[in-house]
Amino acid sequence: MRATVFAIIVLAFGFQTEANAQQQPTLKEAYKGCFLVGAALNPSQFSGRDPAEDALIKAQFNTISPENVLKWEIVHPRLDTYDFSLADKYVEFGQQNHMFIIGHNLVWHSQVPKWVFEDEKGAPVTRDVLLARMRDHISKVVGRYKGRISGWDVVNEALNDDGTLRPSAWKKIIGDDYIEIAFRYAHEADPQAELYYNDYSLENEAKRKGALELVKRLKAKGIAIIGVGTQGHFSLDSPTTNQVDSTIVEFGKLGVKVMITELDVDVLPWPAGGPTADVSLNMASDPKLNPYASGLPDAVQQQLSKRYADLFVTFAKHCGLVSRVTFWGVTDKESWKNNWPVRGRTDYPLLFNRDAQPKPAFGAVIQAAPKSAS
Ligand code: XIL
């Protein structure tokens, strides 16, 4: 008798939690009518190698970004060699699942092979040679996915923290107009694709000012830029939601869409001067910088949930103007933050834990959705 009652209770409770899980809306449902919600994927994810994660990605997201597979060093490793094997799989995955597919990225100073800027003797190429290489790359890559990749990060991270142009090889060899030329080539390759400028730390006054000026200059020249990606590699307390809010408003005033393109929230201590997303940083390991290797304390878990709720309330204040929010990864397990800016740490920056289960921050993001959104 006792065992039967116990079984009934267990069954009822089991059904109830399952029903609750089913009732819980997904991210894409909760923000429907407000903005798309996405994640950056790597090959194991878009090949569906892990069934639990595969189901999660299909259920939660309606847009995807390629974490690495469309970067120059992967699709165009040598002068006459393009390799689209991984990128093709990424795009097929997006198409099969009716997702808004993002291309990331065409022109960046990082993850681009040295040969791009050099002749056979290792000397810098001329402006004309580099422009020809840039055009060939953009026309082949954008052209291949014409009509399938809907939005491109054309130029990534062209600015310094003080808002001036970063002295990349692109700028040094071509000149300041490399940015507008990259947009022209992308538009020529797929006139329907949405074209974006993407960068980090745009919440900081000086860099934001530089980016606003850049967008104004591009628009004044008739360049087809339709959106700005603010990457969103944040920490628990920086930038403030006021800074995030005014960044969205300021770009909105220029008539461009605003996207949060690489969202994650770092819970680990910043060695110095963070948060930033300057990929050239490589800081020495130190156990003090890896305090949660055996688990995230409850108090920090709650701080993370509150931070995510505040961020999504801020994004959702600008439904429509903010057209997309994309997380830089799916679960904490594969996040790039475990290895950057310090290698081998245990970070907890996303909404799903190492077993692909929703964290409290997931519930907080769902709760933060405007009631009219879905
Ligand atoms: C990162 C990837 O997540 C890593 O796997 C890779 O090793 C380095 O690049 N800004 C960007 C992204 O625009 O492309 C970067 O992605 C993170 C910072």
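Atom set for the values below is all heavy atoms of this structure, side chains included, hydrogens, waters and symmetry mates excluded. Whatever order the structure lists ligands and atoms in, that order sets their numbers, starting from 1.
- Applying the side-chain hydrogen bond (donor to acceptor under 3.5 Å, both in side chains) test between E262 and each of T326, T230, N198 identifies N198 as the sole match.
- Of the protein's non-hydrogen atoms, Q111 OE1, 3.5 Å is the one closest to atom 8 (C) of ligand 1.
- Just one of K171, R217, R127 meets the side-chain hydrogen bond (donor to acceptor under 3.5 Å, both in side chains) condition when paired with D177; it is R127.
- For atom 2 (C) of ligand 1, the nearest protein heavy atom (residue, atom name, distance) is E67 OE2, 3.5 Å.
- Nearest to atom 6 (C) of ligand 1 by heavy atom, out of N42, N68, T261, V279, is N68.
- For an aromatic pair to be called close, the ring centres must be under 6.0 Å apart, and H233 with W340 fails this.
- For the residue pair W108/E157, the side-chain donor-acceptor check at 3.5 Å is satisfied.
- Looking only at heavy atoms of the protein, atom 18 (C) of ligand 1 is closest to E262 OE1, 3.5 Å.
- A heavy-atom separation below 4.0 Å is found between W328 and ligand 1.
- A donor atom on one side chain and an acceptor atom on the other are not found under 3.5 Å apart for S168 and R166.
- Within ligand 1, counting atoms from 1 as listed, the ones closer than 4.0 Å to a heavy atom of W108 are 14 (O).
- Numbered from 1 in the order shown, with element, the atoms of ligand 1 that lie under 4.0 Å from a heavy atom of K71 read 1 (C), 2 (C), 9 (O), 12 (C), 14 (O), 15 (C), 16 (O).
- Numbered from 1 in the order shown, with element, the atoms of ligand 1 that lie under 4.0 Å from a heavy atom of H104 read 11 (C), 12 (C), 13 (O), 14 (O).
- Looking only at atom types and distance, the side chain of R324 has no donor-acceptor partner in the side chain of T63 under 3.5 Å away.
- Side-chain rings of Y90 and F93 stay apart, their centers remaining 6.0 Å or farther from each other.
- With a heavy-atom cut-off of 4.0 Å, N156 touches ligand 1 through its side chain alone.
- For a threshold of 3.5 Å applied to N or O pairs, the pair formed by N198 and ligand 1 contains no separation below that value.
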